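Accompanying notes for the structure given below.
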Amino acid sequence: AMLENLPNQIYTFRAQDSKRDDQTGRITPSDYSQDHSGLLTELSLAVGARVMLNKNIDVQDGLVNSAAGIVAGFLPPPSPDTPSDQYLPKYILVQFNDERVGKKCRLSSSKLLPPTQQHSTPIARMETQLRLGRSSKVTSKRLQFPLTPAWAVTIHKEQGKTEDQLVVSTRGTFNPE
């Protein structure tokens, strides 16, 4: 619900799924409705949206599962007439809450980043592979940005973290005596 409150255009990025048959080598597009090894089937984002990484990209660089930040932009930026469900940037630019996260990545891609975006970390799509069934000769692949909207986090993701600020809703949990 929070995404709709943002004044910016919402874009939806669909995962690209494919299946490969090891015996025939044939690759066919496929459509898995469920999330695949942490990568979402559909990801809807806008500039200003809170996001969280849902895969480890570079542990040394702090780009780890559950690192949180805000979408700062897209590269290359969308043209005004691009339909919101057909736009596919190469990178989603994320400004992480902790500036140490993605520092190495930002330095190595500083030429790529617009001058106003030097504090943002470019996140590219990632590929995951999954065997369909234990004895299966079929491998499925998913290509998607390793991000998830993070307006709310589960207590599991939150456990063991130190937070500067926290908003807790206790609506419906306490009743007057």
Side-chain angles (χ1 to χ4, degrees), residues 1-4 6 8-22 25-79 82-98 101-102 104-106 108-109 112-114 117 120-134 136-154 156-158:
M2 307 271 199
L3 195 59
E4 284 73 56
L6 292 172
N8 305 315
Q9 174 67 53
I10 296 171
Y11 295 101
T12 298
F13 310 114
R14 274 199 70 78
Q16 261 185 314
D17 293 334
S18 58
K19 280 194 300 228
R20 179 179 192 273
D21 188 311
D22 296 348
R26 266 206 17 236
I27 295 175
T28 48
S30 61
D31 200 10
Y32 299 104
S33 54
Q34 78 274 29
D35 300 338
H36 183 311
S37 321
L39 296 180
L40 303 181
T41 306
E42 251 186 17
L43 174 63
S44 293
L45 292 177
V47 170
R50 287 185 169 281
V51 288
M52 194 164 70
L53 284 179
N54 53 9
K55 296 293 260 181
N56 287 346
I57 299 174
D58 183 342
V59 177
Q60 267 83 43
D61 201 16
L63 293 168
V64 295
N65 187 348
S66 85
I70 285 178
V71 174
F74 304 103
L75 267 186
S79 54
T82 307
S84 63
D85 58 347
Q86 280 167 37
Y87 167 58
L88 186 63
K90 199 168 167 175
Y91 301 102
I92 294 177
L93 301 177
V94 178
Q95 188 157 2
F96 287 100
N97 299 347
D98 182 338
V101 171
K104 226 170 52 184
C105 175
R106 284 194 299 279
S108 63
S109 50
L112 189 135
L113 297 170
Q117 295 284 12
S120 305
T121 306
I123 303 295
R125 292 193 297 168
M126 259 181 106
E127 190 177 87
T128 59
Q129 293 195 354
L130 200 68
R131 281 228 169 267
L132 298 178
R134 256 198 303 242
S136 170
K137 296 263 182 276
V138 177
T139 312
S140 82
K141 265 186 190 174
R142 167 161 287 180
L143 194 59
Q144 175 64 293
F145 292 102
L147 294 167
T148 187
W151 299 103
V153 292
T154 62
H156 288 288
K157 290 270 188 205
E158 193 52 49

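Along the sequence shown, residues are numbered consecutively beginning with 1. Because the structure is a prediction, the values reported are computed rather than measured.
- Using a 4.5 Å heavy-atom threshold, the side chains of D17 and Q144 count as separate.
- The CE atom of M52 sits 7.0 Å away from atom CG of N54, with the distance rounded to the nearest 0.5 Å.
- The distance from atom CD1 of I123 to atom CD1 of I57, rounded to the nearest 0.5 Å, is 4.0 Å.
- The CZ atom of R26 sits 12.5 Å away from the OG atom of S18 when rounded to the nearest 0.5 Å.
- No side-chain heavy atom of T148 sits less than 4.5 Å from a side-chain heavy atom of L43.
- Residues K55 and T128 have side chains in contact (heavy-atom distance under 4.5 Å, counting atoms from C-beta outward).
- Closest non-hydrogen pair, A49 versus L6, comes out as N-CD1, 3.5 Å.
- Between T82 atom OG1 and Q9 atom CD the span is 9.5 Å, to the nearest 0.5 Å.
- In terms of heavy-atom proximity, R142 sits nearest to A15 at NE-CB, 3.3 Å.
- Side-chain contact between V101 and L53 is absent, with no heavy atoms from C-beta onward closer than 4.5 Å.
- Residue T121 comes nearest to C105 through the heavy atom pair CG2-SG, 3.7 Å, listed as atom of the first residue, atom of the second, then distance.
- Considering only residues two or more places apart in sequence or on other chains, D98 meets the salt bridge (charged side-chain N to carboxylate O under 4.0 Å, His left out) condition with R100.
- Residues passing the ring pair (Phe, Tyr, Trp, His ring centres under 6.0 Å) test with Y91: none are found, sequence neighbours excluded.
- Judged as a side chain to side chain contact (heavy atoms under 4.5 Å, CB included), and not counting sequence neighbours, the contacts of P114 are L75, T116, Q117.
- Under the rule for a side chain to side chain contact (heavy atoms under 4.5 Å, CB included), the partners of R125 that lie at least two apart in sequence or sit in another chain are Q16, L88, L143, F145.
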For R20 and D22: C-alpha separation, side-chain torsions, deciding distance, then whether salt bridge (Lys or Arg N to Asp or Glu O under 4.0 Å) applies.
CA-CA 6 Å; R20 179 179 192 273; D22 296 348; 3.4 Å; yes

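- Across all their heavy atoms, A67 and G62 have their closest contact at CB-O, 3.9 Å.
- Residues S120 and V71 are not in side-chain contact: their nearest non-hydrogen atoms beyond the backbone lie 4.5 Å or more apart.
- Identified under the salt bridge (Lys or Arg N to Asp or Glu O under 4.0 Å) test for residues 63-72, with sequence neighbours left out: none.
- Closest of all the heavy-atom pairs between A124 and P146 is O-CD, 3.2 Å.
- Across all non-hydrogen atoms, the minimal contact from Y87 to P76 is OH-O, 2.6 Å.
- Between the CD1 atom in I27 and the OG1 atom in T139 there is a gap of 9.5 Å [rounded to 0.5 Å].
- At least one donor-acceptor pair under 3.5 Å links the side chain of D61 to the backbone N or O of K104.
- The shortest distance between side-chain heavy atoms of E4 and I10 falls below 4.5 Å.
- Residues F74 and V47 have side chains in contact (heavy-atom distance under 4.5 Å, counting atoms from C-beta outward).
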Steps toward side chain to side chain contact (heavy atoms under 4.5 Å, CB included) verdict (I92, F13):
CA-CA 11 Å; I92 294 177; F13 310 114; 3.8 Å; yes

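- Looking only at distances, no side-chain donor or acceptor of N65 sits under 3.5 Å from a matching main-chain atom of N56.
- Not counting sequence neighbours, R50 has no partner by the salt bridge (charged side-chain N to carboxylate O under 4.0 Å, His left out) test.
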